[in-house]
Structure formats: structure tokens, C-alpha cells
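Below, chain A is the first sequence line, B the second, and so on; all start at residue 1.
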Amino acid sequence: MKSISRLKKCVGAASMDSPPPLLLLHLLRPYSLNVIELGNGPERDPSTLINDFTRFCYQRDLPRAMTALHSMQNHKIWADSITYSELIKCCLARGAIEQGKVVHKHIFSDGYQPKTFLLNVLLNMYVKFNLLNEAQMLFVQMPQRNFVSWTTMIAAFSDADLNDKALEFLILMLREGARPNMFTYSSVLRACAGLPNLRQLHCGIIRTGLDSDVFVRSALIDNYSKWGELQNALCVFNEMVTADLVVWNSIIGGFAQNSDGDEALNLFIRMKRAGFLADQSTLTSALRACTGLALLELGRQLHVHVLKFHQDLILNNALLDMYCKCGSLEDANSVFSRMVDKDVISWSTMIIGMAQNGFSQQALKLFEAMKVSGTRPNYITVLGVLFACSHAGLVDNGQYYFRSMKKLFGIDPGREHYGCMVDLLGRAGKLDEAVQLIHEMEYEPDAVTWRTLLGACRVHRNMDLAVYAAKQILKLDPSDAGTYILLSNIYANSQRWEDVAEVRRTMRGRRVKKEPGCSWIEVNKQIHAFILGDYSHPQIDEISRELNQLIWRLKEMGYVPDTNFVLQDLEGEQKEDSLLYHSEKLAIVFGMMNLSLEKTIRIRKNLRICGDCHVFAKLLAKMECRSIVIRDPIRYHHFRDGVCSCGDYW
DNA sequence: ATAGGGTTAG
């Protein structure tokens with residue numbers, strides 16, 4: 001009966017200010033009945049005060065609620081925990097830090113003993129305001145802590161990348177006898193900074209049976225993926241019964257980020273069959289998979305779905321990158337120009353895309369436009385700019401940007417920037433300056449640095465330096481097949497067969513296997529792979545016939561196979577034969593046979609294109625009036641009308 | 001009642 005009269009008072013008080021009808025419904029909810037813990041208010045009716053306060057809290061009327069709070073403080077009366085938690089929510093939503101602190105003071109004033117629940121809410125407020133010190137102080141002062149208090153702190157440390165603290169708190173929590181739940185584990189997993197920790201946590205999770213929780217599962221999958229343990233990620237994914245969208249997204253993203261686009265796309269298809277609708281995260285990962293595999297047609301299909309999430313920045317960035325990496329700058333440009341929001345990643349993606357596709361001058365122009373737009377370049381942007389310079393031989397521009405990057409953009413040159421400069425100088429034939437830079441830089445040269453120099457030596461046929469660089473690489477990375485091949489190639493070019501044999505022996509001794517050249521082409525939604533020495537493609541006979549005819553016609557135009565690119569010490573026609581079956585040639589011919597004339601033939605390669613295939617593609621593009629794009633692991637070649645976008649500089 | 005998960009450029 002008491003509560004009913006209080007309720008009437010509440011409603012009465014509310015209707016005096018004539019609130020909208022919905023508010024009345026709010027007030028009828030049970031918590032307005034919990035007006036308890038009254039102090040000895042002097043003259044004013046304390047329940048009216050609390051009613052006002054409660055109403056303002058639920059109305060999200062922060063200024064009035066704070067005024068009411070002051071009056072309550074003066075009268076030494078307190079509301080119930082839930083009302084305070086509503087007020088704190090309101091402070092959080094408005095970013096009202098000072099008001100939050102006033103509430104904090106109030107609920108500790110005059111001996112009032114707030115419940116653990118309320119202190120957890122307050123703790124969370126400090127965490128969300130990023131006031132970790134305040135949160136920690138409160139945590140220490142709390143008379144009692146429960147598993148929510150611990151979890152709140154652990155999540156806070158994980159978010160702040162204070163991984164050791166997060167793990168430490170898990171241990172302290174266990175010691176104090178508080179039991180972690182799925183919230184705790186999903187939070188602590190984000191802080192897990194190594195495989196051994198991850199395995200330990202996973203064991204603990206299995207013991208408690210919490211591995212069926214979708215939050216825990218997605219965190220586990222995500223974590224295993226982060227350490228490249230895709231098999232374990234897949235185990236977590238497959239083991240259980242049901243997955244939600246985020247669990248699917250975790251596993252798809254895991255494969256996409258670990259350059260296994262095939263598996264990512266397989267899972268993407270399975271997800272759709274299972275009845276889930278792709279969201280931004282799914283599409284971003286699927287696009288990334290297309291980017292890695294250079295699947296332009298599939299990427300275009302995904303573009304249609306991207307439109308549903310118009311102006312999602314991350315998704316648009318992924319789309320942009322997909323078009324760049326699939327060699328379609330027209331599409332990339334059109335996406336880029338339509339993007340309302342562009343961040344440093346959008347600009348960097350486009351700059352790098354232009355540079356990789358052979359449009360370095362445009363890339364530099366875009367960089368200028370970026371600066372005008374007010375977006376600050378970062379480490380990667382500058383890398384892209386230097387990359388653009390090195391791929392077009394723009395030595396002066398490159399040196400200018402490199403020397404002034406600290407002053408202009410506040411970015412210290414990192415190892416990779418030096419790498420770009422070694423590339424720039426080396427390719428431009430300034431091998432001595434490149435070597436000098438390697439010695440000058442404050443980083444110990446790594447295998448990548450030496451590989452860059454080796455590439456330049458190959459272009460400029462500096463054998464002695466090449467041998468030196470190759471030996472440095474193999475010291476640092478004895479399993480680098482490409483370097484052995486290159487080294488034996490260099491020896492073969494100078495007819496040093498003894499040295500060739502020695503390199504081969506070393507390779508065999510160290511069980512280093514040469515990666516076979518492989519080219520992929522997408523035709524009618526199917527991916528066709530051509531691997532050197534593998535003739536299992538169903539149309540291989542027709543392709544070979546066609547290839548032979550084309551070469552015969554090309555030779556009449558003056559094509560001379562460049563046998564420098566043959567690895568074995570073979571003679572005459574045998575040499576030409578092994579060149580003939582380079583995978584990109586087969587893929588190009590297959591594309592010509594299966595794609596209509598106006599369609600660009602797009603090939604992706606796992607190894608860098610050889611000089612002979614490069615000449616072949618240029619001449620073929622002219623003779624057959626076709627446009628051919630080949631993407632190798634480093635850059636792109638657009639062949640049209642007898643020339644390549646790389647300007648033969650690669 | 002209060003605490004937890006997935007997506008973009010080298």
C-alpha cells in the first residue's frame with residue numbers, strides 16, 4: 001500500500017510539469033518504487049525531492065538532476081542505486097566528467113555506503129572516460145569487489161594495451177576467489193600478448209566450459225589468427241555448435257588477414273549459405289581476400305553490396321584498395337572521388353595504388369592534393385611517396401622527400417624509408433650511393449635491405465655487388481629460395497657453371513625448394529591457375545598450339561626470346577622451350593582465347609615477371625590490340641600498344 | 001541492474 005501511495009505522488013509530481021505521456025510510462029516502471037534509504041530530511045518533504053531527482057534522471061535532464069542532487073546532499077538524503085546508475089549513464093552519454101565526479105562524491109558523503117553494484121557503474125564510468133587512474137583508485141577503495149569489478153578493470157587494461165596489467169589482474173582475481181566468467185575471458189583474451197599465454201587461457205576457458213560463448217569464441221579465433229595459428233582458429237570455429245555473425249567475421253577476417261583469400265572466400269560463401277547477411281566487417285574481409293587474389297570480377301560484385309553501407313569509411317577504403325590492387329585505377333579513381341570522408345588511409349591507398357600501377361607522377365600530384373586537403377601524412381603515406389619516386393626513377397623528388405620528411409611531416413625515417421631510398425638509388429644506377437646509404441642508416445641492414453640492393457644489381461648487371469648482396473641475404477635468411485635462384489642466374493649469365501652448380505648443391509643441402517612460377521586468371525567466375533611444369537589444364541593442348549603460333553608471328557615482327565632468363569645451362573632451342581612455358585605466357589594466351597577483345601586480360605603472378613615475358617606481353621598487346629595487366633608481387637604492368645606502364649623500369 | 005567480440009593502406 002505504501003508503494004502505491006508513493007507511486008501516486010511520483011505521477012502527481014510528474015504531471016505538474018506536464019511531461020509527455022511516455023514519461024509517465026517510465027515512472028510506472030518498478031524502480032521509481034525503490035525510493036529508499038532516506039536521511040532525516042528537516043522541513044522539506046524528502047520523498048518529493050527524491051521523486052524530482054528520479055524523474056530528472058530518467059528524463060536525462062542532467063542540469064536539473066544535478067540541482068536536485070545538491071538539494072539531496074544538503075538534506076542528507078539519498079536515492080536508490082538504480083537511479084544513480086541512470087544518472088551516471090546520463091553523464092557518460094554527455095561526456096560530463098565533472099558531473100560524474102560530483103555524483104561520486106555524493107554517494108560517498110556523510111557515511112552513505114554505496115552498494116558494489118553502484119560502484120561498478122562508477123568504475124565503468126571512469127574507464128569509459130579514459131580516467132584509468134581514477135578508476136584504479138576507486139577500485140582500491142571499494143570495500144567489496146565482485147567479478148564485475150574485476151572484469152571492468154581487466155577490460156580497461158586490455159583496451160589501453162596494458163596487457164601485463166590485464167593478465168596480472170586476472171591472476172589477482174583468481175587469488176581473491178572471484179570466478180572469471182565469459183565477460184572476463186573475452187576481455188582478457190584481447191590482452192593476450194603471446195601464444196603460450198593464449199594456450200593457457202584457452203585451457204582455462206575449456207575447463208570452465210565457457211568456450212561455447214560466442215564472445216569468447218570470436219576472441220579466441222581472433223587471437224589465434226593474430227599469431228598465424230589458423231588451424232587452431234578453425235578448430236575453435238568448427239568445434240561448436242552455433243556461430244553468430246561476429247564469429248563468422250572473425251574466422252573470415254582471420255584468413256583474409258593471413259593472406260589466405262581462398263579460404264576466406266570459401267567461408268564467406270558458407271556463411272551466406274548458413275543464412276547470414278554480410279555486414280561491413282564481412283564485406284571488408286571479403287574485399288581484402290579479392291585484393292590478395294586479384295579477383296576483379298568478384299570484387300565488382302561485392303561493390304554492389306558495399307553500396308548498402310554507403311559512406312562507411314573502412315569499407316570504402318577496402319574497396320579502393322581492391323580496385324587498385326586488381327589493376328583497375330579507373331574504378332579506384334571513381335570510388336575515391338565519390339568518397340565523402342577520406343582519411344589518411346584512403347589517401348595512402350590511392351597514392352600507393354597509383355605508384356604500383358605505374359602512375360608515379362599522378363601519385364605525387366595526389367600527395368600534394370592530400371596536403372592541401374588538410375589530412376596529415378603518416379609513416380606509410382611517406383613510404384608510398386618514396387615508393388612512387390623509386391618506381392619512376394624520380395631521384396631528385398625522392399631525395400627531397402626523404403631528407404625533409406622529418407621537418408615537413410614530423411616523421412622520422414624508418415627502416416622501410418631507407419629501403420625505398422636504396423631502391424630508388426639502386427634502380428637509378430647509383431649503386432655506390434645505395435651502398436653508402438645502407439652503411440649510413442642507423443638500422444642494421446636486414447635481408448629485405450640486401451634483397452633491394454640485389455634487385456638493383458640485377459637490373460644494372462653489377463655482378464660483384466650482386467654476389468656480395470646475395471651472400472648477405474643468405475647469411476640472414478638461408479631459406480630464401482629466390483636469392484639462390486637469382487644468384488645462380490647471375491652466374492649462369494656469365495657462364496660460371498661451376499658456381500651455378502655450387503649454388504644448386506647448397507640449395508639441396510639446405511633443402512631449399514624453388515617456388516614454381518604460377519599465374520592466375522579469372523574467367524567466367526572461375527580462377528584458372530597455370531603452374532610452371534604443370535600441364536594438367538584441360539585446354540593445355542589448344543593453349544600450347546595457339547602460343548606457338550603467336551610466337552611464330554611475333555618472331556616475324558622481330559621478337560627474339562631473351563634466353564638470359566633461363567636458369568638452366570641449356571643450349572639453343574631447349575632454352576627457348578623452358579621460356580615458352582612460363583606460366584604468365586600460358587595465362588595470357590588462355591585469356592586471349594576466352595575473353596572478348598575489349599576485355600582486359602588480367603593476370604596475377606606469384607613471382608616477378610621475367611624480361612622475356614615482359615617483351616612478349618608488350619609485343620603481343622600491340623599485335624593483337626589487347627590490353628594486358630600483370631600484377632607481380634611488387635608492382636603492376638599495364639601492357640597496351642607495345643608499351644608497358646612501368647616504362648621497362650622495374 | 002553493472003562488465004565482453006569482428007573490418008582499411010606498407
Between B/dG10, B/dG5, B/dG4, which nucleotide gets closest to the side-chain atoms of A/D244?
B/dG5
Atom pair distance, as rounded to whole Å: CG in A/D321 and C1' in B/dT7
13 Å
Would you indicate what A/S187 reaches in the nucleic acid, counting non-hydrogen atoms under 4.0 angstrom: base, sugar-phosphate, or nothing?
sugar-phosphate
Measure the distance from CG on A/L313 to P on B/dA9 and round it to the nearest whole Å.
12 Å
Looking at every heavy atom in both A/L315 and A/Q280, which two are closest together, and how far apart are they?
CD1-O, 3.8 Å
If the cut-off is 4.0 Å, is A/R288 near the phosphate of B/dA9, judged by side-chain N/O to OP1 or OP2?
yes
So what does A/K325 touch, heavy atoms closer than 4.0 Å: a base, only the sugar-phosphate, or nothing?
sugar-phosphate
Can you tell me how far C1' of B/dT8 sits from CD1 of A/I314, to the nearest Å?
6 Å
Is the shortest heavy-atom distance from the side chain of A/V448 to the side chain of A/R415 under 4.5 Å?
no
Ignoring backbone atoms, test whether A/R190 places a side-chain nitrogen or oxygen under 4.0 Å from the OP1 or OP2 oxygen of B/dG4.
no
Quick one: label A/N181 by what it contacts on the DNA or RNA (base, sugar-phosphate, nothing), any heavy atom closer than 4.0 Å.
base
Can you see if the side chain of A/K342 gets near the phosphate of B/dT8 - specifically, an N or O under 4.0 Å from OP1 or OP2?
no
Whether A/Q257 contacts B/dT8 is assessed here as follows: a side-chain N or O lying under 4.0 Å from the phosphate OP1 or OP2. Is that the case?
yes
How close or far is atom P of B/dT7 from atom CG of A/L319, stated in whole angstroms?
18 Å
Across the strands shown, which category fits A/V188 at heavy-atom distances under 4.0 angstrom: base, sugar-phosphate, nothing?
nothing
Heavy atoms only, 4.0 Å cut-off, all strands: where does A/I380 land among base, sugar-phosphate and nothing?
base
Is a donor from one side chain sitting under 3.5 angstrom from an acceptor on the other, for A/N317 and A/D343?
yes
Among the nucleotides B/dT2, B/dA3, B/dG10, which one has an atom lying closest to any side-chain atom of A/T152?
B/dA3
When all nucleic acid strands are considered with a 4.0 Å heavy-atom cut-off, which category describes A/Y185: base, sugar-phosphate, or nothing?
nothing
Under 4.0 Å, heavy atoms only, any strand: does A/N316 hit a base, just the sugar-phosphate, or nothing?
nothing
Protein-nucleotide distance (A/I411, atom CD1; B/dA9, atom C1'), rounded to Å
14 Å
Of the candidates B/dA9, B/dG4, B/dT8, the side chain of A/F215 sits closest to B/dG4
Is it the case that B/dG5 (base atoms only) and A/D213 (side chain only) share a donor and an acceptor within less than 3.5 Å, ignoring hydrogens and angles?
no
Determine whether a donor-acceptor pair (one donor, one acceptor, N or O, separation below 3.5 Å) exists between the side chain of A/S218 and the base of B/dG5.
yes
Of the nucleotides B/dA1, B/dT8, B/dA9, which has the atom closest to the A/I82 side chain?
B/dA1
Do you know the tightest heavy-atom contact between A/Y401 and A/C389?
CD1-SG, 4.2 Å
A/Q311 CD to B/dT8 P, in whole Å, measures 19 Å
Could you state the atom-to-atom distance from CZ of A/F169 to P of B/dA3 in whole Å?
18 Å
Can a side chain N or O of A/N124 be found less than 4.0 Å away from OP1 or OP2 on B/dA3?
yes
Looking at every strand, decide which applies to A/D312 at a 4.0 Å heavy-atom threshold: base, sugar-phosphate, or nothing.
nothing
Please state how far atom CZ in A/F147 lies from atom P in B/dG4, giving the value in whole angstrom units.
14 Å
Answer whether the closest heavy-atom distance between the side chains of A/N146 and A/S149 falls below 4.5 Å.
yes
When all nucleic acid strands are considered with a 4.0 Å heavy-atom cut-off, which category describes A/V127: base, sugar-phosphate, or nothing?
nothing
Could you tell me whether A/R300 and A/D331 have a side-chain N and a carboxylate O separated by less than 4.0 Å?
yes
Six-ring centre of A/F409, A/R376 cation under 6.0 angstrom, axis tolerance 45°
no
So which nucleotide from B/dG4, B/dT8, B/dG5 ends up closest to the side chain of A/M182?
B/dG4
Contact class for A/V148 (heavy atom, under 4.0 Å): base, sugar-phosphate, or nothing?
base
If the cut-off is 4.0 Å, is A/K128 near the phosphate of B/dT2, judged by side-chain N/O to OP1 or OP2?
no
Examine A/F268 together with A/W248 and report whether their ring centres are nearer than 6.0 Å.
no
Reckon A/R217 has a side-chain N or O less than 4.0 Å from the OP1 or OP2 of B/dG5?
no
Just checking A/T349: base, sugar-phosphate only, or nothing, at a heavy-atom cut-off of under 4.0 Å?
sugar-phosphate
Among the nucleotides B/dT7, B/dG4, B/dA9, which one has an atom lying closest to any side-chain atom of A/A155?
B/dG4
Between the base of B/dA1 and the side chain of A/N120, is there any donor-acceptor pair under 3.5 Å?
no
